[in-house]
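Each ligand, and each atom within it, is numbered from 1 in the order the structure gives. This structure is a prediction, so every number in the text was calculated from the model and none was measured.
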Amino acid sequence: MSDKIESLIEGNKLWVKNILKHTPGFFDELSEAQKPQFLWIGCSDSRVPATEITNALPGSIFVQRNIANMVVHTDANLLSVVYYAVKVLKVKHIIVCGHYGCGGVHAAMGNEDYGFLNNWLLHIKDVYRMHEKELDAIKDETRRFDRFVELNVQEQVHDLMKVSFIQEEWRNGEFPHIHGWVYSLKDGLIKDLKVSTNSSKQLGKVYKYD
Ligand code: CO
């Protein structure tokens with residue numbers, strides 16, 4: 001892989017050429033407006049780019065990424081993205097996509113001091129505490145790590161359900177649907193965790209808004 005900054009600009013020119021070869025007028029339409037139907041909350045990991053791994057084109061997925069695909073309710077950046085996606089773009093689906101081998105999740109399983117990063121990792125450590133019994137019972141470390149990645153995605157789906165303006169959308173209609181997926185770096189395939197939801201039914205009563 002090139003470490004030359006120029007390679008990105010050159011790559012961009014090549015990309016435009018390829019796109020226009022297959023779809024003349026591609027940018028004319030897309031520059032007018034975006035109407036994505038999906039919001040993607042994924043990991044910042046360079047190996048898990050939303051549009052590439054889903055074979056989707058620019059314009060189809062609104063994206064928010066951070067370390068270990070977390071939904072943190074004091075994260076104004078994330079909440080602004082979710083608000084815009086849900087209330088303005090009216091996306092039909094929100095996908096939380098984690099990935100096996102996630103460095104953030106792995107760091108949260110251990111006891112190493114990561115300095116400033118510890119504060120972010122605490123949110124992931126909280127997920128471990130919630131599922132400590134199940135996770136500690138898995139003796140094989142790789143399997144425990146894989147399961148922790150899955151449970152972390154599941155908890156972020158749950159955290160999205162707690163968001164008041166998402167609940168407001170559900171009171172008025174059926175969307176957005178929230179999904180939990182995990183991507184495998186080893187074979188490039190996405191696993192659906194089958195935790196999809198579009199209601200606040202499974203939430204504890206203190207989280208539900210009138
Ligand atoms: Co990651």
Side-chain angles (χ1 to χ4, degrees), residues 1-3 8 36 38-56 58 60-82 85 91 93-132 134-136 138 140-163 176-197:
M1 258 169 264
S2 173
D3 60 355
L8 298 181
F38 310 101
L39 165 63
W40 178 278
I41 298 173
C43 183
S44 296
D45 194 302
S46 62
R47 298 164 295 181
V48 198
T51 43
E52 281 94 331
I53 65 170
T54 53
N55 201 32
S60 52
I61 310 179
F62 204 60
V63 174
Q64 169 76 359
R65 291 167 71 182
N66 60 42
I67 292 174
N69 39 269
M70 300 302 287
V71 175
V72 175
H73 296 108
T74 49
D75 181 348
N77 183 356
L78 174 121
L79 283 178
S80 301
V81 167
V82 176
V91 296
H93 302 274
I94 303 176
I95 301 138
V96 178
C97 188
H99 66 104
Y100 297 116
C102 182
V105 173
H106 192 256
M109 279 174 81
N111 302 98
E112 200 173 321
D113 182 341
Y114 287 93
F116 176 77
L117 264 182
N118 293 334
N119 302 295
W120 187 255
L121 299 177
L122 275 178
H123 298 289
I124 317 171
K125 286 180 184 284
D126 287 342
V127 174
Y128 197 102
R129 181 172 53 83
M130 283 179 231
H131 299 275
E132 195 162 74
E134 180 186 341
L135 289 167
D136 281 352
I138 305 171
D140 182 81
E141 204 184 319
T142 309
R143 275 191 50 228
R144 188 163 75 243
F145 180 18
D146 286 353
R147 185 60 186 146
F148 188 21
V149 165
E150 293 173 356
L151 288 169
N152 187 49
V153 167
Q154 191 181 304
E155 287 301 332
Q156 306 322 302
V157 168
H158 195 256
D159 279 333
L160 280 173
M161 291 161 64
K162 297 176 192 164
V163 175
H177 292 212
I178 305 174
H179 311 269
W181 294 354
V182 179
Y183 173 80
S184 168
L185 297 171
K186 290 190 176 145
D187 61 14
L189 292 171
I190 289 168
K191 176 180 171 183
D192 182 353
L193 295 180
K194 305 264 167 51
V195 291
S196 301
T197 182

Review point. Is a salt bridge present between K162 and D159, judged by a nitrogen-to-oxygen distance below 4.0 Å?
Key: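 D159 and K162: salt-bridged.
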
salt_bridge(E132, R129) N-O dist < 4.0 Å
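No, this pair does not count.
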
Checklist line | Check against side-chain contact (heavy atoms from CB on, under 4.5 Å), L185 and H99 | finding: CA-CA 7 Å; L185 297 171; H99 66 104; 3.9 Å; yes

Worksheet item: Does the gap between the ring centers of Y183 and Y100 come in under 6.0 Å?
Response: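 That pair fails the under 6.0 Å test.
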
Q. So how many protein N, O or S atoms does the Co ion (ligand 1) have within less than 2.8 Å?
A.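 Counting protein N, O and S atoms closer than 2.8 Å to the Co ion (ligand 1) gives 3.
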
side-chain contact (heavy atoms from CB on, under 4.5 Å) between Y128 and M109: does it pass, once the steps are laid out?
-> CA-CA 7 Å; Y128 197 102; M109 279 174 81; 4.3 Å; yes

To the closest 0.5 Å, what do you measure between CG (D126) and NE2 (H131)?
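With rounding to 0.5 Å, CG (D126) is 11.0 Å from NE2 (H131).
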
